[in-house]
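Counting convention: from 1, in listed order, for ligands and their atoms alike.
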Amino acid sequence: MTGGAGFIGSNFVLQWLATEGTPVVNLDKLTYAGNLGNLQEISADSRYSFVHGDIGDRKLVSDLLGRSRPRAIVHFAAESHVDRSIHGPDDFVRTNVNGTFGLLEEARAYWTELGNEDKVRFRFLHVSTDEVYGSLKPEEAAFSETTPYSPNSPYSATKAASDHLVRAYHHTYGMPVLTTNCSNNYGPYQFPEKLIPLTILNAMNGKAIPVYGDGKNVRDWLYVADHCDAIRAVLSRGKVGETYNVGGRNEKPNLEIVHAICSILDELRPADPVVPHSKLITYVVDRPGHDRRYAMDTRKIERELKWQPGETFESGIRKTVEWYLANETWIREVTSGHYREWIATQYSV
Ligand code: NAD
Ligand code: DAU
């Protein structure tokens with residue numbers, strides 16, 4: 001797998017070893033978003049190994065494939081934060097487009113040399129996003145697997161480009177690829193630049209909770225373990241060359257998310273500096289090009305692969321808040337100098 005030290009990737013490795021149990025090699029560059037602390041509990045597990053490197057390093061990837069001889073590649077590594085893509089799109093093109101291209105080329109070379117049986121069994125699973133479909137109006141139907149691509153941010157444009165490359169490698173070379181397009185994830189180990197962990201941390205600490213625009217942008221939220229579960233279902237039972245939408249059927253405006261977190265904190269942390277925590281909600285300047293609404297039609301994965309999310313939003317958000325409250329050391333370690341610089345740049349106006 002690639003990107004296993006990030007938010008979803010680390011949840012995936014932990015779930016994989018606890019369920020499937022077969023060996024995992026994790027290739028990760030350890031950007032600001034990669035954190036080996038997420039994987040501390042399995043660092044000595046003989047089924048797990050870590051390789052520090054860039055997916056765009058063709059020689060490294062080629063050597064690694066030759067050495068570890070995987071039966072599948074699950075590709076999580078990406079620059080993932082929309083706001084950062086607006087400030088600096090270069091890394092997004094480098095990793096999400098060129099990096100995925102390099103990885104595909106090396107995977108193709110490896111796959112071509114496999115014996116017949118292994119060639120048929122091999123899978124390249126590309127983890128992508130609902131943002132490639134663009135933005136929905138309130139009355140429009142949810143995105144399905146056949147909705148035309150219409151990405152609006154540098155982040156979603158680079159993810160769309162990578163999805164197209166993956167698709168082309170199946171169509172042109174017959175590579176056994178699968179793509180998942182998932183909605184917004186939340187849960188343990190999410191870097192606190194994203195709405196939910198940022199809200200939890202700021203609220204606990206009596207800091208302003210920044211809400212972009214009118215707070216009515218809608219996202220479809222899915223607990224991260226359910227996303228990992230969906231990826232495992234697609235990897236084992238998905239039809240080669242197909243794409244699968246993954247989501248929580250759980251559309252909510254941002255303000256509702258923020259209020260839900262504040263209410264849980266009012267109950268669990270009545271002695272915080274500012275209570276009720278919702279007093280901290282502060283409207284700030286909107287994200288340029290901010291997509292208004294995402295919603296996922298997940299009937300295909302439910303029908304064909306019998307996947308269903310296990311958490312409701314209410315159960316998942318409570319678990320998430322409790323996880324952050326119980327993991328102050330993790331928070332302290334990730335909110336280092338670089339993190340503080342990012343917050344200062346992003347929220348200075
Ligand atoms: P993240 O930013 O938390 O983690 C990304 C990981 O990739 C980090 O460990 C980072 O070090 C690594 N990485 C970045 N560039 C690399 C490179 N060039 N070579 C090797 N490793 C590199 O991201 P996330 O939220 O865990 O997202 C994982 C994947 O899932 C991404 O592809 C993202 O587009 C997709 N996705 C995310 C969400 C979400 O809500 N977070 C939803 C749908 C899809
Ligand atoms: O939809 C899937 C995508 O979800 C993934 O592909 C991305 O990798 C992931 O980052 C996420 O993108 P979003 O832009 O939707 O997530 P974010 O947490 O940054 O923002 C969620 C919503 O909250 C969005 O409408 C912007 C708003 N927001 C965000 C931040 C950080 C705020 O109002 N204030 C904030 O401070």
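- Counting the atoms of ligand 2 from 1 in the order shown, those under 4.0 Å from a heavy atom of Val211 are 33 (O).
- Considering backbone and side-chain atoms together, Asn184 places an N or O closer than 3.5 Å to an N or O of ligand 2.
- What sits closest to atom 12 (O) of ligand 2 on the protein, heavy atoms only, is Glu131 OE2, 2.8 Å.
- In summary, the atoms of ligand 2 found under 4.0 Å from a heavy atom of Val82, numbered by their order in the structure, are 14 (O).
- Scanning all protein heavy atoms for the shortest distance to atom 26 (C) of ligand 2 gives His290 NE2, 3.4 Å.
- Proximity of Asp130 to ligand 2, defined as any heavy-atom pair under 4.0 Å, is confined to the side chain (atoms from C-beta onward).
- Residues Glu20 and Arg232 are paired through a salt bridge, judged by an N-O separation under 4.0 Å between the basic side chain and the carboxylate.
- When the salt bridge (Lys or Arg N to Asp or Glu O under 4.0 Å) test is applied to Lys194, no partner is found at least two apart in sequence or on another chain.
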Decide yes or no on ring pair (Phe, Tyr, Trp, His ring centres under 6.0 Å) for Tyr186 and Phe313, but give the supporting numbers first.
CA-CA 10 Å; Tyr186 67 99; Phe313 183 72; 5.5 Å; yes
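- Using bins of under 30°, 30° to 60° and over 60° for the plane-to-plane angle, the ring pair Phe143/Tyr294 lands in the tilted bin.
- Of all the listed residues (Tyr133, Tyr212, Tyr283), Tyr212 holds the heavy atom that lies closest to atom 30 (C) of ligand 2.
- A salt bridge between Asp63 and Lys59 is present, with a side-chain N of the basic residue lying under 4.0 Å from a carboxylate O of the acidic one.
- Taking a cut-off of under 4.0 Å to the non-hydrogen atoms of Thr129, the atoms of ligand 2 that pass are 1 (O), 2 (C), 3 (C), 5 (C), 6 (O).
- Only the backbone of Ser183 comes within 4.0 Å of ligand 2, counting heavy atoms alone; no side-chain atom from C-beta on gets that close.
- The protein heavy-atom contact nearest to atom 5 (C) of ligand 2 is Tyr155 OH, 3.6 Å.
- Of the protein's heavy atoms, Ser80 O, 2.7 Å lies nearest to atom 8 (O) of ligand 2.
- Here atom 14 (O) of ligand 2 lies nearest to Arg287 when heavy atoms of Lys194, Arg287, Lys216, Arg292 are compared.
- For atom 21 (C) of ligand 2, the nearest non-hydrogen atom of the protein is Leu195 CB, 3.9 Å.
- Contact atoms of ligand 2 toward Glu193: 31 (C) (distance under 4.0 Å to a heavy atom of the residue).
- Between Asn185 and Asn11 the shortest side-chain heavy-atom distance does not fall below 4.5 Å.
- Salt-bridge annotation for Lys159 and Glu131: absent, with no side-chain N of the basic residue lying under 4.0 Å from a carboxylate O of the acidic one.
- Residue Leu198 places no N or O, backbone or side chain, under 3.5 Å from any N or O of ligand 2.
- Using a 4.0 Å cut-off between charged side-chain N and carboxylate O, Glu267 and Arg318 make a salt bridge.
- Proximity of a side-chain donor or acceptor of Arg94 to a complementary backbone N or O of Gly99 within less than 3.5 Å is not detected.
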Compile the donor-acceptor pairs under 3.5 Å between side chains in residues 168-180 and protein atoms, sequence neighbours left out, one pair per line.
from, atom 1, to, atom 2, distance (Å)
Tyr169, OH, Glu105, OE1, 2.7
His170, ND1, Met175, O, 2.9
Thr172, OG1, Ala168, O, 3.1

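- Remark: ligand 2 atoms within the under-4.0 Å shell around heavy atoms of Arg219 are 15 (O), 24 (C), 25 (O).
- Residue-level contacts of ligand 1 at the 4.0 Å heavy-atom threshold are Gly3, Ala5, Gly6, Phe7, Ile8, Asp28, Lys29, Leu30, Thr31, Ala33, Gly34, Gly53, Asp54, Ile55, Phe76, Ala77, Ala78, Ser80, Thr95, Val127, Ser128, Thr129, Tyr155, Lys159, Cys182, Ser183, Asn184, Asn185.
- Every atom of ligand 2 is numbered from 1 in the order shown, and the set under 4.0 Å from a heavy atom of Asn254 is 22 (C), 23 (O), 24 (C), 25 (O), 27 (C).
- Not close to ligand 2: Gln346, with no non-hydrogen atom less than 4.0 angstrom away.
- In this structure the side chain of Asn181 reaches within 4.5 angstrom of the side chain of Met296, judged on heavy atoms.
- Atom numbering of ligand 2 starts at 1 in the shown order; those under 4.0 Å from a heavy atom of His81 are 19 (O).
- Those atoms of ligand 2 with a heavy atom of Tyr347 less than 4.0 angstrom away are 30 (C), 31 (C), 35 (C), 36 (O).
- In this view, Ser144 and Thr146 satisfy the side chain to side chain donor-acceptor pair (under 3.5 Å) rule, not counting sequence neighbours.
- For an aromatic pair to be called close, the ring centres must be under 6.0 Å apart, and Tyr149 with His164 satisfies this.
- Salt bridge Arg84/Glu79: absent, no basic N to carboxylate O contact under 4.0 Å.
- For the pair Tyr339/Val334, no side-chain contact is recorded, criterion being any heavy-atom separation below 4.5 Å from C-beta on.
- The residue among Ala33, Pro210, Ser153 with a heavy atom at the shortest distance from atom 34 (N) of ligand 2 is Pro210.
- Classified by interplanar angle (parallel below 30°, tilted 30° to 60°, perpendicular above 60°), the ring pair Phe76/Phe12 is tilted.
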